[in-house]
Amino acid sequence: MLPVDGKEGPPDVCIIELGGTIGDNESRPFTDALSQLSYSVGPENFCLIHVTLVPVLSVVGEQKTKPTQHSVRDLRGLGLTPDILACRSTQVLEENVKGKLSRFCYVPIQNIFSLHDVHNIGHIPLLLKDQKAHEAISKVLNLASIVKEPSLEKWASLVEISDNLHVQVRIAVVGKYTDLSDAYLSVLKALMHASVAFGKKLVVDLVPSSDLEITTKIENSCAYEAAWKLLKGANGVLLPGGYGERGMEGKILAAKYARENNIPFLGICLGMQVAVIEFARSVLCLPDANSTEFNPETKHPCIVFMSEGSTTHKGGTMRLGSRRAYFHVKDSISARLYGNKEFVDERHRHRYEVNPDMAVSLEKAGLSFAAKDETNKHIEIVEVPTHPFFIGAQFHPEYKSRPGKVSPLFLGLIAASCGELDAVLSPVSIQQDKNQHVVLGTRVEPETGFCSETNKTCQKQRLLCGGVSNGSGGKLTPGKPGSGAGGDDCDGNGYGKRGKFPGNGGKSDGNGGTPVKDNPGGNRFFISSVGF
């Protein structure tokens with residue numbers, strides 16, 4: 001086991017989550033295993049936190065403790081004794097209710113915590129800290145002598161920023177499981193992380209992919225029109241992963257709409273495969289192009305079962321876990337979003353992939369394979385270079401997204417949907433000759449940066465107006481226009497003051513003309529926030 005803080009050595013505490021409802025047959029083997037674990041390690045090394053429900057009767061507004069009493073009783077019957085109660089409720093847990101739970105559940109009152117509804121889930125860690133939950137846990141595990149006070153200043157600042165966002169960005173998530181938003185929980189959280197980091201208020205429209213299809217127009221015109229209204233009203237489109245043929249044609253139509261109308265698009269796993277199928281149908285003029293998952297008899301299989309897998313035995317045949325993707329197109333948008341790294345490690349979960357036999361024809365038609373695996377066989381990222389932002393990833397970038405450590409692809413989608421993609425792109429170095437070196441693009445670090453012109457009270461701007469030296473006289477070459485403020489004047493060393501107009505390369509005083517160290521040339525801006 002590796003500690004979450006990345007430090008060497010074994011972890012001090014292991015967190016185990018057991019979901020489900022106490023008493024269900026499905027969870028019985030796991031509760032038995034947990035009971036045996038608690039006995040083997042001893043009570044001083046085991047802290048059981050029981051998350052329970054305290055419902056509120058809407059008629060009289062009374063908080064009822066009976067469900068919690070019953071679940072604790074059942075839990076004790078399974079050999080598990082809760083040390084802490086985390087009580088979910090629509091309202092703040094009343095003190096008399098805590099006292100009643102303490103008496104009938106045999107849990108100290110200081111170990112009973114209120115987890116009432118909040119408008120932003122980011123407030124929950126702050127809520128637990130205020131109730132001193134960390135002290136209760138450390139006391140049960142005898143860690144009081146070594147545990148420090150939680151440092152949540154950065155988290156509190158992040159939550160405050162999230163609470164005060166007003167400029168909206170609307171993303172349409174086109175999928176087949178839209179009746180239950182939790183089906184795309186990882187995707188929605190990754191979008192939220194990126195939008196907060198970029199200083200925008202996220203609005204997500206879940207669009208049922210089957211409602212975009214022509215058959216729905218015939219059977220239910222209202223649902224058809226509503227789905228297309230949501231799609232056309234979005235600033236960006238995201239196609240998440242999935243399985244099965246249902247709703248596939250609707251996803252293809254969504255990808256086609258985004259590609260033809262220059263709408264920022266991100267396809268994940270099946271979403272990337274859909275983008276490839278749509279490109280083959282529309283650009284290569286192959287109307288029957290499809291995946292062998294949905295049409296095994298198609299004459300133009302764009303997506304095929306992986307060669308090393310088994311088509312008959314499904315168990316253990318998926319390409320799972322962290323895999324390495326190497327960038328083959330260095331100036332691609334995806335490479336620049338990842339900071340011009342040679343490779344990235346991302347998590348995978350798929351059986352099907354882009355057909356290598358069709359790769360050449362797809363590339364000739366204009367589809368770029370920006371990244372592949374180490375064998376150069378598996379295609380990891382596809383892009384349409386002529387599109388402002390059209391990216392498909394075979395992996396699942398949402399799995400590694402965290403608050404304050406956003407996924408580069410999700411950040412790129414949010415930025416492109418706001419019309420400010422340049423703000424998150426790393427500069428691309430281009431060697432022109434032995435005397436000139438140009439840097440294109442701008443960059444905001446995903447972990448510390450925010451979009452310009454948003455949350456100004458929480459941001460600081462720093463502008464570097466660089467230039468290119470020709471070796472004699474300090475001539476400056478104008479850089480690529482940025483989305484923030486440009487520089488109207490630069491000295492011979494490439495450092496300048498903030499200007500009024502974007503994209504001006506500036507002028508030199510002609511004395512020296514030394515380019516900016518490490519990153520010469522072009523206008524670049526960096527925006528950092530005091531919230532991180």
Side-chain angles (χ1 to χ4, degrees), residues 4 15 17 19 51 88 115 117-128 152 154-165 167-207 234-242 264-272 321-322 337-338 344-349 391-393 395-418 424 445-451 455 529 531-532:
V4 294
I15 300 177
E17 180 185 5
V51 181
R88 283 285 294 113
L115 294 179
D117 290 352
V118 291
H119 68 280
N120 183 347
I121 197 173
H123 286 276
I124 295 298
L126 304 176
L127 194 64
L128 289 172
L152 297 180
K154 291 183 179 180
W155 182 269
S157 180
L158 182 66
V159 173
E160 182 181 0
I161 292 172
S162 178
D163 287 342
N164 291 283
L165 297 176
V167 181
Q168 293 186 352
V169 56
R170 186 175 294 272
I171 303 297
V173 177
V174 182
K176 54 194 293 186
Y177 315 116
T178 53
D179 290 339
L180 180 64
S181 61
D182 276 8
Y184 299 115
L185 187 60
S186 296
V187 171
L188 298 180
K189 292 298 181 183
L191 284 171
M192 178 62 71
H193 302 158
S195 63
V196 171
F198 203 68
K200 294 293 190 292
K201 183 178 180 180
L202 177 67
V203 178
V204 174
D205 292 322
L206 296 176
V207 182
N235 304 119
V237 177
L238 190 148
L239 260 61
F265 172 90
L266 176 61
I268 298 173
C269 198
L270 178 62
M272 183 201 84
S322 180
L337 285 172
Y338 277 98
V344 292
D345 295 312
E346 293 282 5
R347 293 171 60 182
H348 294 66
R349 183 180 174 83
I391 295 177
F395 48 81
H396 289 265
E398 70 273 20
Y399 290 164
K400 296 180 72 173
S401 177
R402 300 289 185 271
K405 190 178 181 180
V406 302
S407 164
L409 294 184
F410 279 86
L411 185 63
L413 175 65
I414 295 295
S417 300
C418 297
V424 296
E445 293 299 330
E447 294 186 27
T448 59
F450 285 83
C451 168
N455 292 313
S529 169
F532 274 75

Would you please classify the geometry between the His396 ring and the Tyr399 ring as parallel, tilted or perpendicular, with 30° and 60° separating the classes?
parallel
I'd like to check Leu239 versus Leu270 (side-chain heavy atoms, cut-off strictly below 4.5 Å). Are they in contact?
no
Is it true that, when you exclude Lys201 itself, more than 12 heavy atoms of the residues, nucleotides or ligands shown sit nearer than 6.0 Å to its NZ?
no
Any idea which heavy atoms bring Pro125 and Trp155 closest together, and the distance?
CG-NE1, 3.8 Å
Mind checking whether Thr178 and Val173 have side chains closer than 4.5 Å, heavy atoms only?
no
Applying salt bridge (Lys or Arg N to Asp or Glu O under 4.0 Å), can you list everything that pairs with Arg349, at least two apart in sequence or on another chain?
none
If you apply the rule side-chain contact (heavy atoms from CB on, under 4.5 Å), what do you find for Phe198 with Val424, and how did you get there?
CA-CA 9 Å; Phe198 203 68; Val424 296; 3.7 Å; yes
Looking at side-chain heavy atoms only, is the closest gap between Leu126 and Leu152 below 4.5 Å?
yes
Got a sec, which residues hit side chain to side chain donor-acceptor pair (under 3.5 Å) with Ser401, two or more places apart in sequence or on another chain?
His193
With the side chain counted from C-beta on, respond yes when Asn235 and Cys418 share a heavy-atom pair under 4.5 Å apart, and no when they do not.
no
Closest non-hydrogen atom pair, Cys269 against Gly241:
CB-CA, 4.2 Å
How far does CG of Leu188 sit from CG of Leu206, to the nearest 0.5 angstrom?
6.0 Å
Specify the closest pair of heavy atoms between Val159 and Gly122, including all atoms of both residues, with the distance to one decimal.
CG2-O, 3.5 Å
Just wondering, more than 12 heavy atoms not from Ile121 lying within 6.0 Å of its CD1?
no
On a heavy-atom basis, the closest approach of Pro397 and Tyr338 is CB-OH, 4.5 Å
Distance-minimising heavy-atom pair for Ala197 and Val406
CB-CG1, 3.8 Å
Side chains of Leu413 and Leu191, heavy atoms from C-beta outward: is any pair under 4.5 Å?
yes
When rounded to the nearest 0.5 angstrom, what distance separates CG in Leu202 from CD1 in Ile414?
5.5 Å
side-chain contact (heavy atoms from CB on, under 4.5 Å) between Leu128 and Leu115: does it pass, once the steps are laid out?
CA-CA 8 Å; Leu128 289 172; Leu115 294 179; 3.5 Å; yes
Taking the side chain as every heavy atom from C-beta outward, state whether Glu346 and Leu409 have any pair of such atoms under 4.5 Å apart.
no
Would you find more than 12 non-hydrogen atoms of other residues, nucleotides or ligands less than 6.0 Å from Ile15 atom CD1?
no
Kindly compute the distance separating CG (Leu165) from OG (Ser195), expressed to the nearest 0.5 Å.
7.0 Å
Evaluate the side-chain proximity of Val204 to Met192: yes if any heavy-atom separation is below 4.5 Å, no if none is.
no
Can you see which heavy atom on Phe395 is nearest to which on Arg347, and at what distance?
CB-O, 3.3 Å
Separation between OG of Ser417 and CD of Gln168, rounded to the nearest 0.5 Å:
13.5 Å
Spacing of CD belonging to Glu398 relative to OG belonging to Ser407, to within rounding of 0.5 Å:
8.0 Å
Please list, chain by chain and in numerical order, all residues satisfying side chain to side chain donor-acceptor pair (under 3.5 Å) with Asp345, sequence neighbours excluded.
Arg324
Roughly how far apart are Phe410 CZ and Lys400 NZ, rounded to 0.5 Å?
13.5 Å
When you compare the side chain of Leu238 with that of Tyr184, does any pair of heavy atoms fall below 4.5 Å?
no
